[in-house]
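In this chain, numbering begins with 1 at the start of the sequence shown.
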Amino acid sequence: MVLPHHQTPHHTPHHQTPYVTPHILHKNYAQAHDAEAFGNMIGRDLDYFSQAGFDMDKIYLKRNAPVAQLYEDAIRNEGAIISSSGALINFSGKKTGRSPKDKRIVYEDTSKDDIWWGSVNIKMDEHTFEINRERAIDYLNTRDNVYVFDGYAGWDPRYRIKVRVICARAYHALFMNNMLIRPTEEELIDFGEPDFIIYNAGQFPANRFTKGMSSTTSVEINFKRMEMVILGTEYAGEMKKGVFSVMHYLQPVKFGQLSLHSSANVSMKDGDVTLFFGLSGTGKTTLSADPNRLLIGDDEHVWSDTGVFNIEGGCYAKCINLSAEKEPEIFNAIRFGSILENVVYSPTNRTPDYDDVGITENTRCAYPIEFIPNAKIPCIVDRQPSNIIMLTCDAFGVLPPVSKLTPEQASYHFLAGYTSKTPGTEDGVLEPIPTFSTCYSAPFIVLHPGRYAEMLADRMSKHKVNCWLINTGWTGGKFGTGKRCPLKYTRAIVDAIHAGELAKANFESFGTFGLSIPTGIEGVPRELLNPSLAWPDKEAFQREVRKLAGMFQKAFALYEKDVAESVRLAGPRVA
């Protein structure tokens with residue numbers, strides 16, 4: 001039957017629809033409920049916030065707000081949008097990477113003798129910290145909404161810390177909701193005093209005329225107060241790495257455990273554990289997401305006396321060139337509850353374009369670890385590692401795709417931490433730059449690198465752990481002439497390590513670097529395994545070998561006086 005024109009369904013007045021309860025249509029319905037819920041929720045924490053300097057009559061605290069509400073606030077107030085897969089696309093403003101030159105640690109009595117002072121850990125005096133802290137709290141007091149997230153760092157209850165994040169952006173609250181370990185309702189009620197607090201006033205600049213400030217950005221940690229203050233950068237990764245720096249200090253100093261910038265996974269079949277070391281862009285996240293293994297975590301771990309546990313409750317993966325074919329676990333984790341950071345999208349259908357670097361190459365997604373289908377929850381194993389894989393991205397195309405390291409070589413390469421900075425991970429990096437990042441962790445290291453290296457060597461020898469150096473960088477030529485080692489071959493190498501086949505392979509020596517490299521791996525071309533075969537121009541190859549070996553020697557000079565002679569001699573030798 002055809003309805004007369006005036007009765008067609010789309011002419012029905014909106015307010016007469018029978019399907020929606022009228023009061024839900026009222027635009028302030030949800031907000032009114034939120035006000036009530038959060039007003040009651042804070043309860044006994046009110047004293048804490050007023051003591052910290054928050055004006056409790058003016059501000060409206062939202063503690064551990066539900067994900068859906070953080071979405072609503074980010075869309076309403078921060079220009080966020082929902083992607084076609086349900087993730088929240090948000091933008092960090094001017095800073096799209098970390099600002100390592102603006103990171104400071106407060107020079108104070110309780111920690112000053114443990115800190116490795118220098119270009120990574122730059123000193124700040126206590127008075128300047130107090131000025132910046134006050135500036136951050138004053139700024140937060142001017143906001144209509146202040147978000148609080150209480151969570152844990154560390155899955156082992158014996159070694160975890162309670163972290164409180166106080167910020168003015170829903171995006172930052174959701175980010176830390178994903179990256180910290182989310183407490184249950186009962187744990188939240190009994191949370192009590194936090195062990196570490198982050199005051200994130202990143203929308204507000206630091207005062208450049210304050211003593212010791214080098215720019216309008218300031219990221220600082222005070223170990224006596226166990227607080228972090230952020231001014232002048234809205235890049236969420238600063239909070240994540242701030243928590244990591246605190247764990248890098250507390251685990252060895254307070255608990256006697258070894259904190260590591262590594263990913264970790266465990267075999268579904270026989271439970272063997274592998275640690276992957278590597279800086280941003282080396283494949284640490286990609287290679288640890290393995291369909292045959294359970295993921296313990298993708299970035300920050302503690303190797304304890306009883307096993308390995310993740311520090312975080314989520315993953316922070318690079319999105320550049322992300323595809324369902326290459327990285328299905330990560331691709332499918334980008335759904336409701338995840339954050340896409342600085343990702344370009346199509347305005348017509350809200351589909352992210354992971355190949356577009358219009359905003360930055362350092363596009364990221366942050367998601368709870370349970371979004372990875374084969375994550376091991378809780379993220380802790382009571383078993384010592386069997387293999388350690390050190391990943392490097394060699395832009396010179398010199399290092400072999402895989403080498404088996406002696407214990408001394410393992411200590412050497414851990415201290416050297418060689419890779420190439422790839423574009424986008426930090427402001428101003430536009431093409432790969434060779435870099436030596438000690439313990440594969442230099443920007444976050446807090447104690448002298450020798451302390452971490454010694455703990456690593458002790459644990460490796462005690463538990464007889466195999467160590468492998470894998471180059472995911474260039475082959476057959478340096479950056480610009482060669483090509484990046486195909487991911488499928490790197491995966492085949494990692495599979496051979498896990499199957500125990502590689503430990504039984506035949507090895508040959510790789511000249512100047514003295515590395516043992518396998519002569520054959522199933523599924524990997526023979527010429528790829530030895531760079532001297534992969535390079536068509538043998539003379540150019542020898543030039544690059546000598547150049548890189550010289551760089552290693554120069555970089556390692558910093559640690560020579562603190563290591564055993566056997567470790568010193570484990571590096572490359574230039575005749």
Side-chain angles (χ1 to χ4, degrees), residues 59 62 65 70-81 83 87-104 132-133 135-149 163-180 197-208 213-221 227-245 280 314 316 318-319 338-345 357-367 424-429 443:
I59 64 167
K62 298 183 181 183
L70 294 173
Y71 262 54
E72 289 162 14
D73 284 9
I75 291 161
R76 190 183 294 119
N77 305 323
E78 299 171 22
I81 71 124
S83 80
L88 189 74
I89 300 183
N90 223 317
F91 303 94
S92 66
K94 198 168 68 198
K95 299 276 185 176
T96 57
R98 287 181 296 100
S99 303
K101 292 182 179 66
D102 297 309
K103 196 185 101 182
R104 306 274 187 279
N132 286 347
R133 179 183 186 272
R135 189 171 173 91
I137 289 176
D138 283 350
Y139 170 78
L140 290 166
N141 269 327
T142 67
R143 301 298 88 197
D144 291 335
N145 289 314
V146 173
Y147 300 92
V148 178
F149 183 77
V163 179
R164 170 165 289 161
V165 181
I166 305 172
C167 56
R169 284 193 70 174
Y171 145 55
H172 289 152
L174 179 57
F175 177 84
M176 290 307 274
N177 171 82
N178 289 354
M179 297 312 300
L180 289 171
I197 301 162
I198 298 174
Y199 295 105
N200 188 344
Q203 302 95 300
F204 198 60
N207 182 337
R208 283 178 305 135
M213 292 291 97
S214 52
S215 76
T216 55
T217 299
S218 183
V219 177
E220 60 233 29
I221 295 173
E227 291 179 346
M228 178 182 191
V229 169
I230 299 173
L231 291 163
T233 171
E234 296 174 64
Y235 181 64
E238 297 287 10
M239 293 184 287
K240 167 191 158 65
K241 291 306 184 188
V243 172
F244 188 37
S245 295
S280 194
Y316 192 37
K318 285 175 81 76
C319 291
S338 299
I339 288 180
L340 284 172
E341 190 176 57
N342 299 321
V343 171
V344 175
Y345 62 90
V357 296
I359 299 173
T360 176
E361 280 217 20
N362 190 32
T363 52
R364 296 272 181 165
C365 52
Y367 48 86
T425 46
E426 280 178 27
D427 282 358
V429 178

Just wondering, do V146 and K62 contact through their side chains at under 4.5 Å, heavy atoms?
no
Side-chain donor-acceptor contact under 3.5 Å, N342 with T96
no
Side chain to side chain, K103 and S245, heavy atoms closer than 4.5 Å:
yes
Criterion salt bridge (charged side-chain N to carboxylate O under 4.0 Å, His left out) on R135 and D138, from CA distance to verdict
CA-CA 5 Å; R135 189 171 173 91; D138 283 350; over 6 Å; no
Identify the heavy atoms of R169 and S92 that sit nearest to each other, and give their distance.
NH1-CA, 4.4 Å
Could you give me the CA-CA distance, side-chain angles and deciding distance for I198 and V243, then say whether side-chain contact (heavy atoms from CB on, under 4.5 Å) is met?
CA-CA 9 Å; I198 298 174; V243 172; 3.9 Å; yes
Inter-residue atom distance N132.CG - I137.CD1, 0.5 Å rounding
11.5 Å
Identify the two heavy atoms, one from Y171 and one from F91, that lie closest to each other, and give their separation to 0.1 Å.
CE2-O, 3.8 Å
To the closest 0.5 Å, what do you measure between NZ (K94) and OG1 (T217)?
6.0 Å
Report yes if the side chains of I197 and M228 come closer than 4.5 Å at any heavy-atom pair, otherwise no.
no
Starting from the C-alpha separation in whole Å, work towards a yes-or-no answer on ring-ring contact (aromatic ring centres under 6.0 Å, His included) for F175 and Y316.
CA-CA 9 Å; F175 177 84; Y316 192 37; 5.0 Å; yes
Compute whether any side-chain donor of one residue and acceptor of the other, for Y199 and R133, lie under 3.5 angstrom apart.
yes
Passes side chain to side chain donor-acceptor pair (under 3.5 Å), N362 versus R98? Steps please.
CA-CA 10 Å; N362 190 32; R98 287 181 296 100; over 6 Å; no
Do S338 and C365 make a side-chain contact, defined as non-hydrogen atoms from C-beta onward lying under 4.5 Å apart?
no
Taking all non-hydrogen atoms of both residues into account, name the closest pair between R143 and A168 and its distance.
CG-CB, 3.5 Å
Kindly indicate whether the side chain of N200, heavy atoms from C-beta on, has any atom under 4.5 Å from the side chain of I166.
no
In chain order, what residues pass the ring-ring contact (aromatic ring centres under 6.0 Å, His included) check against F204, with sequence neighbours excluded?
Y139
side-chain contact (heavy atoms from CB on, under 4.5 Å) assessment of M239 paired with V165:
CA-CA 9 Å; M239 293 184 287; V165 181; 3.9 Å; yes
Taking salt bridge (Lys or Arg N to Asp or Glu O under 4.0 Å) as the test, write out the residues that go with R104, two or more places apart.
none
Candidate pair C319 and L340, rule side-chain contact (heavy atoms from CB on, under 4.5 Å), full reasoning
CA-CA 8 Å; C319 291; L340 284 172; 3.9 Å; yes
How close do G242 and I221 get, counting heavy atoms only, and between which atoms?
O-CD1, 3.8 Å
Is the closest side-chain heavy-atom distance between E341 and Y235 below 4.5 Å?
yes
Given S218 and M213, is the side-chain contact (heavy atoms from CB on, under 4.5 Å) satisfied, shown in steps?
CA-CA 7 Å; S218 183; M213 292 291 97; 3.6 Å; yes
Can you tell me how far apart OG (S83) and CD1 (I339) are? Round to the nearest 0.5 Å.
11.5 Å
Taking C-beta and beyond as the side chain, do T233 and D102 meet within less than 4.5 Å on heavy atoms?
no
Do E234 and Q203 have side chains that get closer than 4.5 Å, going by heavy atoms?
yes
Heavy-atom nearest pair, A74 first then L88, reads CB-CD2, 3.7 Å
V344 and side-chain contact (heavy atoms from CB on, under 4.5 Å): which partner among I359, T363, V357?
I359
Heavy-atom pair of closest approach, residues E78 and A170
OE2-N, 2.5 Å
